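For the single chain, residues carry numbers from 1 onward in sequence order. None of the values given here were measured: they were computed from a predicted structure.
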Amino acid sequence: MNGLILIIVSMVVLVLAYLLYGRYLVRVWGIDPSKKTPAYEFEDGKNYVPTQPSVVFGHQFASIAGAGPINGPIIAAMFGWLPVFLWLLIGSIFFGAVHDFATMYASVKNDGKSIAYLIEIYVGKRGKLLFLLFMWCFSILITAAFADIVSGTFAGFDPNGGTISANASVASSSCLFICGAMCLGWLIRKVHVSGLASGIIAIDLLIVCIVLGLFFPIYLPGSFWLYIIFGYIFVSSIVPVWLLGQPRNYLNSFLLIAMIISAFIGVAFTSPQITIPAFTGFEVNGNYLFPTLFITIACGAISGFHGMVSTAETSRQINNEKYILPISYGAMLIETLLAVLALISVGSLALDGKLPLGTPPVIFATAVARFLFKIGLPINISFTIVSLAISAFVLTTLDTVTRLGRIAFQEFFRPEDKSKKLSVRSFLSKSYVASACTLVSAYLLAIHGYQNIWPIFGASNQLLAVLSLAGCAVFIKHTRKRGFMLLIPAVIMMAVTFTSLIFSIKNKIAMFLDGRFNMTIDGFQFIILILLFILGIIVLISCGEKLLKKIPDPVAM
């Protein structure tokens, strides 16, 4: 199969999906451009900040993309390119993009509340508390895994003491990004520069950061970077979103789009051949197509993490309801395009039908660098820039999910009594305390390596999507509108997620009986798996009861 054909088919299908199905959702559920959004209604200069749509799109896109759409398709390619390609298109159009649009839409219609608060309103307080606990555990998992990945990517020395110039340059540019983002945030917020001007400034800053990073690399060991990363994300989780998180994501969105365009140009001019088989079988190396394919490919098709970003972050920045569709549904479809490029990349590097060795980011960067080399760009510079883009977005996802974990922790402990009286709950609900509790827990996991956390990340991520879809379905029912487009994906992904959890629990029990069970690593994973299973069942039962119960009167919008 030719990679150029796949990318053309993908673009046509995704554009038609946005114009037809995306606009269908808008017509069915209703958008009111004249209604004041939560960003204006509750503007506080910290979390509720009405912002230009281009900046909000960049924030959403950079937050949800990360390394997910690259890792998933490359790993899942063991089943062949055809099932991966089909699930990316079908999953994103009817599952992921619908999930992202529904969560953002429901949040904007409910004062910018997080998905947890929506569950409290339409399901009950017990459902909200359980969902917040689930969100917090999930945030810890992502923070721990991604912090370890980023520290390894920034490490300027290999195990033998030799220097790694590419890693050092990536670390340097990423640090410069942070400084540049704060300057950009100040300009947008205080000077009120236009969307065009902010875009030009962002591109200039991006180029300067990349060039300086290439010429002035920072050589530090990975263990030292881990401390720096946790210190940075602690600060980023408590400062106003307009100062760091929002402009940094906006700045990085240009880098990611440039990477996608570069990869697309490389594919267009080289027409790479995908040499892996179309389909390798329903079982590969002990992994079954169902549910492994649908768990492994998360962000490129559907991801519960997107709902966290859409509700607890982006919905509080939208300045007009008419932008909900492009910022949510549109951003998801572009992310899918990146996932297709990742599939083409791994297929083009395969030899005799065998997948290339190496981590997914390295495989993707190598393939894109080869594409660009064939059209005249130096391969070492291309490889470094693509690696930089991937690393920058892993760090972007990291500081976003840390903020979301902090918010979940605060909402869980926030006292119902609005008085200023000091209590344990009011103390734990403070921003810096919630951030510290989240990051200390994540650090204790990160020092054991992300490989020990990753196996349960996929299942928890997809279960979070199921719970979000169920919560939104209850909300849509209260509005007396059609919600089958939420229920169908929720039921299918529920079957996928719980099958995966049962397989994982069964595997841990078998390891325990065989004497291969490590109490520190496997014991922790087993506890988390059981916790996820129980929490998921309880929340779904609560949502199911509300869906089956007759609603006497429609809720005023």
Side-chain angles (χ1 to χ4, degrees), residues 5-29 31 57 60-61 64-66 68-70 72-73 76-77 79 81-106 260 264 289-291 293-307 309-310 314 323-344 458 461-462 464-466 468-470 472-473 476 481-497:
I5 294 176
L6 286 187
I7 201 66
I8 291 174
V9 170
S10 300
M11 292 180 66
V12 172
V13 171
L14 295 176
V15 169
L16 289 175
Y18 180 86
L19 296 176
L20 299 177
Y21 196 56
R23 291 182 177 178
Y24 166 76
L25 295 176
V26 170
R27 290 195 305 272
V28 172
W29 291 341
I31 289 292
F57 179 88
Q60 172 78 4
F61 185 45
I64 67 174
I70 294 174
F79 294 108
W81 65 263
L82 184 58
V84 174
F85 181 68
L86 291 177
W87 174 238
L88 285 174
L89 294 185
I90 296 172
S92 64
I93 293 170
F94 298 105
F95 289 66
V98 174
H99 165 273
D100 293 6
F101 177 73
T103 51
M104 191 178 297
Y105 171 84
I260 294 175
F264 176 78
L289 182 69
F290 181 89
L293 176 74
F294 309 97
I295 292 295
T296 303
I297 301 177
C299 296
I302 179 172
S303 170
F305 171 63
H306 294 189
V309 177
S310 297
T314 311
Y323 299 124
I324 296 177
L325 182 67
I327 291 173
S328 58
Y329 201 96
M332 178 65 220
L333 297 185
I334 296 178
E335 184 178 8
T336 300
L337 191 63
L338 174 59
V340 173
L341 287 169
L343 174 61
I344 295 172
N461 185 40
Q462 302 304 59
L464 184 61
V466 173
S468 299
L469 285 168
C472 288
I476 292 297
K481 295 170 183 174
R482 282 172 284 180
F484 69 90
M485 60 286 285
L486 296 173
L487 292 175
I488 293 174
V491 171
I492 293 175
M493 292 310 298
M494 181 173 63
V496 168
T497 303

Heavy-atom pair with the smallest gap, counting every atom of [X] and [Y]:
{"X": "Arg482", "Y": "Trp29", "answer": "O-NE1, 2.9 Å"}
{"X": "Leu6", "Y": "Trp81", "answer": "CD2-CZ3, 3.8 Å"}
{"X": "Val28", "Y": "Lys481", "answer": "O-CD, 3.7 Å"}
{"X": "Ser303", "Y": "Ala465", "answer": "C-CB, 4.1 Å"}
{"X": "Met494", "Y": "Val466", "answer": "N-CG2, 3.6 Å"}
{"X": "Met104", "Y": "Ser328", "answer": "CE-CB, 3.7 Å"}

Under 4.5 Å between any side-chain heavy atoms of [X] and [Y], yes or no?
{"X": "Thr103", "Y": "Leu469", "answer": "no"}
{"X": "Tyr329", "Y": "Val26", "answer": "no"}
{"X": "Leu486", "Y": "Ile476", "answer": "yes"}

So how far is it from [X] [atom1] to [Y] [atom2], rounded to the nearest 0.5 Å?
{"X": "Met332", "Y": "Leu14", "atom1": "CE", "atom2": "CG", "value": "9.5 Å"}
{"X": "Ile327", "Y": "Thr314", "atom1": "CD1", "atom2": "OG1", "value": "7.5 Å"}
{"X": "Phe85", "Y": "Ile344", "atom1": "CZ", "atom2": "CD1", "value": "8.0 Å"}

Any residue meeting side chain to side chain donor-acceptor pair (under 3.5 Å) with Ser310, in chain and number order, not counting sequence neighbours: Gln60

Hey, mind stepping through Gln462 and Val496 against side chain to side chain contact (heavy atoms under 4.5 Å, CB included) and telling me if it holds? CA-CA 8 Å; Gln462 302 304 59; Val496 168; 5.8 Å; no

Tell me, please, which residues at least two apart from [X] pass side-chain contact (heavy atoms from CB on, under 4.5 Å).
{"X": "Ala77", "answer": "Ile276, Leu343, Val346, Leu355"}
{"X": "Thr296", "answer": "Ile75, Ala76, Thr292"}
{"X": "Ile334", "answer": "Phe57, Phe61, Ile260"}
{"X": "Val491", "answer": "none"}

Would Ile7 and Leu337 count as a side chain to side chain contact (heavy atoms under 4.5 Å, CB included) here? Give the steps. CA-CA 8 Å; Ile7 201 66; Leu337 191 63; 3.5 Å; yes

Distance-only donor-acceptor hits, side chain of residues 86-101, under 3.5 Å, sequence neighbours excluded:
unit_1	atom_1	unit_2	atom_2	d
Ser92	OG	Leu88	O	2.7
Ser92	OG	Leu89	O	3.1
Ser92	OG	Thr336	OG1	3.3
Asp100	OD2	His306	ND1	2.9

Mind jotting down which residue pairs meet the side chain to side chain donor-acceptor pair (under 3.5 Å) criterion with at least one end in residues 7-26? Sequence neighbours excluded, please.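 For residues 7-26: none.
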
